[in-house]
Amino acid sequence: MSKKRGLSLEEKREKMLQIFYDSQDFFLLKELEKMGPKKGVISQSVKDVVQSLVDDDLVLKDKIGSSIYFWSLPSTAGNQLRNVSRKLESDLQTSKKRHIELVDQCNALKKGREDSDEREEVLRELKSVELKHKELKDELAQYADNDPAAFDAMKKAIEVAYSAANRWTDNVFTLKQWCANNFPQAKEQLESLYQEAGITDEFDYIELPSLASLGTPDN
């Protein structure tokens, strides 16, 4: 035996609305939850169904004292449908007006773009210019390494690098002097450590070469 199909939300809404229309009375939610199952709407879903009807203005509710009452009349649904109809009619007229405007714009844009020998010639020239522009951009990219601005930036980067290297060299000498002053008894161990770290007698400040010796972008 097949299982009985449950009601859809729309079917539940219709069932609950029928309760209001048949009685044309006012109800508390707990009363509706008792009446719903008689129409096939389980009590647990009555609250959500009724609230959906309230949201759509098909059922009205108001608080009287400490209780909230719900009611709906056939005329309520009729008014709601008339409001929806007016809204849809207004939207339709607006859409029709917009469609006419877009058609007029489209026709206006087509003027001067009709197929002709002259237009085809202009389009060919435009394509040729665009192609030439691309070729020039590609050629310019090949000379990016010789860009004077890039060369100047490289010079500045070299100056920063030399300055940073000598600053760390100065830090190393300062550290060596501090170790010599504070650990004179460990002189041999420290010298061995310096050798392992590459701090030999040749370790010294480096001089920045003349920027002129770096040449120019054309060299």
Side-chain angles (χ1 to χ4, degrees), residues 1-138 140-141:
M1 185 175 180
S2 60
K3 185 177 180 180
K4 185 178 179 180
R5 181 182 68 86
L7 298 177
S8 65
L9 176 58
E10 195 56 40
E11 289 172 332
K12 292 177 182 178
R13 284 160 55 94
E14 292 176 2
K15 296 290 185 181
M16 294 308 298
L17 271 179
Q18 198 60 48
I19 292 176
F20 289 107
Y21 294 163
D22 291 345
S23 63
Q24 298 189 24
D25 202 352
F26 298 81
F27 299 97
L28 295 169
L29 180 60
K30 62 182 180 180
E31 294 174 332
L32 293 171
E33 289 175 339
K34 292 179 180 179
M35 300 174 70
K38 298 178 181 178
K39 292 289 187 177
V41 182
I42 60 175
S43 59
Q44 291 89 339
S45 64
V46 167
K47 181 179 179 180
D48 291 338
V49 174
V50 172
Q51 185 58 50
S52 73
L53 294 171
V54 172
D55 294 340
D56 291 341
D57 296 327
L58 294 174
V59 169
L60 304 176
K61 73 174 184 178
D62 199 1
K63 187 173 184 180
I64 302 175
S66 60
S67 302
I68 297 178
Y69 287 87
F70 298 86
W71 73 94
S72 180
L73 302 175
S75 58
T76 302
N79 291 334
Q80 176 66 7
L81 289 175
R82 281 189 286 274
N83 291 336
V84 172
S85 178
R86 283 194 292 269
K87 178 65 167 57
L88 292 175
E89 182 63 28
S90 175
D91 291 345
L92 177 60
Q93 293 303 322
T94 300
S95 297
K96 287 182 177 180
K97 181 179 179 180
R98 181 57 178 161
H99 177 262
I100 293 174
E101 292 175 351
L102 291 174
V103 170
D104 291 342
Q105 290 179 13
C106 182
N107 292 333
L109 291 173
K110 287 181 178 179
K111 291 181 180 180
R113 299 187 180 186
E114 298 83 359
D115 290 336
S116 65
D117 293 341
E118 182 180 0
R119 184 169 186 270
E120 290 297 326
E121 179 63 25
V122 170
L123 289 176
R124 283 194 293 270
E125 291 180 4
L126 175 60
K127 187 174 182 180
S128 176
V129 170
E130 290 176 341
L131 181 61
K132 185 63 177 178
H133 178 258
K134 183 178 182 305
E135 291 175 352
L136 291 175
K137 283 184 64 177
D138 293 342
L140 183 62

When rounded to the nearest 0.5 angstrom, what distance separates [atom1] in [X] from [atom2] in [Y]?
{"X": "Gln18", "Y": "Ser72", "atom1": "CD", "atom2": "OG", "answer": "10.5 Å"}
{"X": "Glu14", "Y": "Leu9", "atom1": "CD", "atom2": "CG", "answer": "10.0 Å"}
{"X": "Leu126", "Y": "Leu131", "atom1": "CG", "atom2": "CG", "answer": "11.0 Å"}
{"X": "Leu136", "Y": "His133", "atom1": "CG", "atom2": "NE2", "answer": "7.5 Å"}
{"X": "Leu28", "Y": "Lys34", "atom1": "CG", "atom2": "NZ", "answer": "10.0 Å"}
{"X": "Glu33", "Y": "Phe27", "atom1": "CD", "atom2": "CZ", "answer": "13.5 Å"}

Task: Qualifying residue, where the test is side-chain contact (heavy atoms from CB on, under 4.5 Å) with Leu32 and the options are Val49, Val41, Val46, Val59 - done: Val46
Open item on the list: If you define the side chain from C-beta out and look only at heavy atoms, does anything of Leu29 sit under 4.5 Å from Ile68?
Closed with: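 A side-chain contact is absent here, since even the closest heavy-atom pair is not under 4.5 Å.
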Task: Sub-4.5 Å side-chain heavy-atom contact between Lys97 and Thr94 - done: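 Not touching, per the 4.5 Å side-chain cut-off.
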Checking [X] now: which residues fulfil side chain to side chain donor-acceptor pair (under 3.5 Å) with it, not counting sequence neighbours?
{"X": "Lys137", "result": "none"}
{"X": "Asp62", "result": "none"}
{"X": "Gln51", "result": "Asp55"}
{"X": "Glu101", "result": "Arg98"}

Which residues satisfy the salt bridge (Lys or Arg N to Asp or Glu O under 4.0 Å) test with [X], sequence neighbours excluded?
{"X": "Lys39", "result": "Asp22"}
{"X": "Lys132", "result": "none"}
{"X": "Glu121", "result": "Arg124"}
{"X": "Glu130", "result": "none"}

Task: Closest approach of Phe26 to Glu31 (non-hydrogen atoms, all atoms of both residues) - done: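 What the structure gives for the nearest pair is O-OE1, 4.1 Å.
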Open item on the list: How close do Ser43 and Pro37 get, counting heavy atoms only, and between which atoms?
Closed with: N-CG, 3.9 Å
Partners passing side chain to side chain contact (heavy atoms under 4.5 Å, CB included) against [X] (at least two apart in sequence or in another chain):
{"X": "Val103", "result": "His99, Asn107"}
{"X": "Asp48", "result": "none"}
{"X": "Ser52", "result": "Arg13"}
{"X": "Ile64", "result": "Tyr69"}

